[in-house]
2 protein chains.
Amino acid sequence: MTDIYRALGDATRRTILHQLAQGDKTQTEIVQAFAISQPAVKKHLQILLDEGLIHEQKDGKYRRYSLDRTILRSAYQTLFEDMGYILEDQLTSLQTYLKGK
Amino acid sequence: MTDIYRALGDATRRTILHQLAQGDKTQTEIVQAFAISQPAVKKHLQILLDEGLIHEQKDGKYRRYSLDRTILRSAYQTLFEDMGYILEDQLTSLQTYLKGK
DNA sequence: TCAATATATAACCATAAGGTTATATGAGGA
DNA sequence: TCCTCATATAACCTTATGGTTATATATTGA
């Protein structure tokens, strides 16, 4: 299963996901948005790939990355369920809200 | 600020939080719930303390742990905001729902 | 074909996480 | 006082993370 805590545990990765939410991007485009090296960005992308949150597609000499919104949604659900499990009664209304979605 | 991803990133810590949600517990009680050593549990408790999610209270030879529900709620909020930021439009309805809480 | 650009990979470094065992300290009860 | 139980701490191990630099490979355009 997707380890959403691992995937979201780093601010760079959260920003990458945000960027991809606005549209697919090549690795170069992603690298340019950060002050870290290309291999460092690649490692973040690899973790997001490992966790299934993004996809990689070869496009000539480029690699194009895209969000897997289905996985993201279910990861999101996991967060809710975990928090609901932790806080129990406190979140009943929220749980109910989500179940209805 | 609370690093909620760090705090929730481990299943043992999530279970500890769940236990504390049912009521305060001593370290011994928490240790007994897991198959790992007392120092290992203590390290998890320390991380939860570092992140401000729980409190520790001396009680004779015992240490009693309790949830900080206020911090937990705001951490929860952070999770939502981060996910909302990532997914944007997709979660508008949920964001709106939470803002109203 | 050759050079430039995009990406991948290897080797390295420092720190953190999650665990262990062994041992020290502290508090309470008999 | 002394033993016992609860907790703390130290030292150690392994693996993961997040970064680096250097270099290899692949693709494309001139």
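Worth knowing before you read on, the calculation uses all heavy atoms, side chains too, and leaves out hydrogens, waters and symmetry mates. Just so we're on the same page: letters track the sequence lines, and every chain starts at 1.
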Engineer: Looking only at side-chain N and O atoms, does Lys42(B) come under 4.0 Å of OP1 or OP2 in dA8(D)?
Structural biologist: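 True: Lys42(B) side-chain N/O within range (under 4.0 Å) of dA8(D) OP1/OP2.
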
Engineer: Using OP1 and OP2 only, check whether a side-chain N or O of Thr26(B) sits under 4.0 Å from dA6(D).
Structural biologist: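 Answer no for this pair, as no side-chain N or O of Thr26(B) is under 4.0 Å from OP1 or OP2.
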
Engineer: Going by side-chain hydrogen bond (donor to acceptor under 3.5 Å, both in side chains), name the residues that satisfy it together with Gln19(A), two or more places apart in sequence or in a different chain.
Structural biologist: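 Testing Gln19(A) for side-chain hydrogen bond (donor to acceptor under 3.5 Å, both in side chains), a comparison that skips the adjacent residues, returns none.
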
Engineer: I'd like to know if the side chain of Gln57(A) reaches the main chain of Arg64(A), judged simply by a donor and an acceptor atom lying under 3.5 Å from each other, with no hydrogens or angles considered.
Structural biologist: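 Not at all, since once roles are kept as given, no pair shorter than 3.5 Å links the two residues.
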
Engineer: How long is the straight-line distance from OG1 of Thr2(B) back to CG of Leu48(B), given to the nearest 0.5 Å?
Structural biologist: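 It comes to 11.0 Å.
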
Engineer: Which residues pass the side-chain hydrogen bond (donor to acceptor under 3.5 Å, both in side chains) test with Lys42(B), not counting sequence neighbours?
Structural biologist: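 Scan of Lys42(B) (side-chain hydrogen bond (donor to acceptor under 3.5 Å, both in side chains), adjacent residues dropped) gives Glu56(B).
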
Engineer: Kindly write out the residues that satisfy side-chain hydrogen bond (donor to acceptor under 3.5 Å, both in side chains) with Asp24(A), not counting sequence neighbours, or none if the list is empty.
Structural biologist: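 For Asp24(A), no residue satisfies side-chain hydrogen bond (donor to acceptor under 3.5 Å, both in side chains) once neighbours in sequence are set aside.
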
Engineer: Taking only residues two or more places apart in sequence, or in another chain, which ones meet Leu45(B) in a side-chain contact (heavy atoms from CB on, under 4.5 Å)?
Structural biologist: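 For Leu45(B) the side-chain contact (heavy atoms from CB on, under 4.5 Å) partners, ignoring immediate neighbours, are Ile16(B), Gln27(B), Ile30(B), Val41(B), Ile54(B), Tyr65(B).
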
Engineer: Just how far, in rounded Å, is P of dT5(C) from CD1 of Ile30(A)?
Structural biologist: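 Between P of dT5(C) and CD1 of Ile30(A): 20 Å.
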
Engineer: Rounded to whole Å, please give me the gap between CD in Gln46(A) and P in dA16(D).
Structural biologist: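 Rounding to the nearest Å, CD of Gln46(A) and P of dA16(D) are 14 Å apart.
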
Engineer: Please check: side-chain N/O of Arg6(A) versus main-chain N/O of Ile47(A), any donor-acceptor pairing under 3.5 Å?
Structural biologist: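 Looks like no, no N/O pair under 3.5 Å.
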
Engineer: Taking OH from Tyr5(B) and P from dG18(D), how many angstroms apart are they, rounded to a whole number?
Structural biologist: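 That distance rounds to 13 Å.
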
Engineer: Given 3.5 Å as the limit, does a donor-acceptor pair link the side chain of Arg13(B) with the main chain of His44(B), or not?
Structural biologist: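 Checked: no pair found.
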
Engineer: Atom CG of Leu45(A) and atom P of dT7(C): how far apart are they, to the nearest Å?
Structural biologist: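 So the two atoms are 10 Å apart, to the nearest Å.
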
Engineer: Would you kindly give the CD-to-C1' distance between Gln57(B) and dT7(D), to the nearest whole Å?
Structural biologist: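 From Gln57(B) CD to dT7(D) C1': 16 Å.
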
Engineer: Specify the separation, in whole Å, of atom CG of Asp50(A) and atom C1' of dA16(D).
Structural biologist: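 In whole Å, dA16(D) C1' and Asp50(A) CG are 12 Å from each other.
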
Engineer: Using a cut-off of under 3.5 Å, enumerate the N/O to N/O pairs linking the protein to nucleotides 16-19 of chain C.
Structural biologist:
unit_1	atom_1	unit_2	atom_2	d
dA17(C)	OP1	Arg6(B)	NE	2.5
dA17(C)	OP1	Arg6(B)	NH2	3.3
dA17(C)	OP2	Arg6(B)	NH2	3.3
dG18(C)	OP1	Asp10(B)	OD1	3.3
dG18(C)	OP2	Arg13(B)	NH1	2.6
dG18(C)	OP2	Arg13(B)	NH2	3.0
dG19(C)	OP2	His44(B)	NE2	2.3
dG19(C)	N7	Lys43(B)	NZ	3.1
dG19(C)	O6	Lys43(B)	NZ	2.3

Engineer: For nucleotides 22-27 of chain D, list the nitrogen or oxygen atoms of the protein found under 3.5 Å from its nitrogen or oxygen atoms, one pair per line.
Structural biologist:
unit_1	atom_1	unit_2	atom_2	d
dT27(D)	OP1	Lys58(A)	NZ	2.7

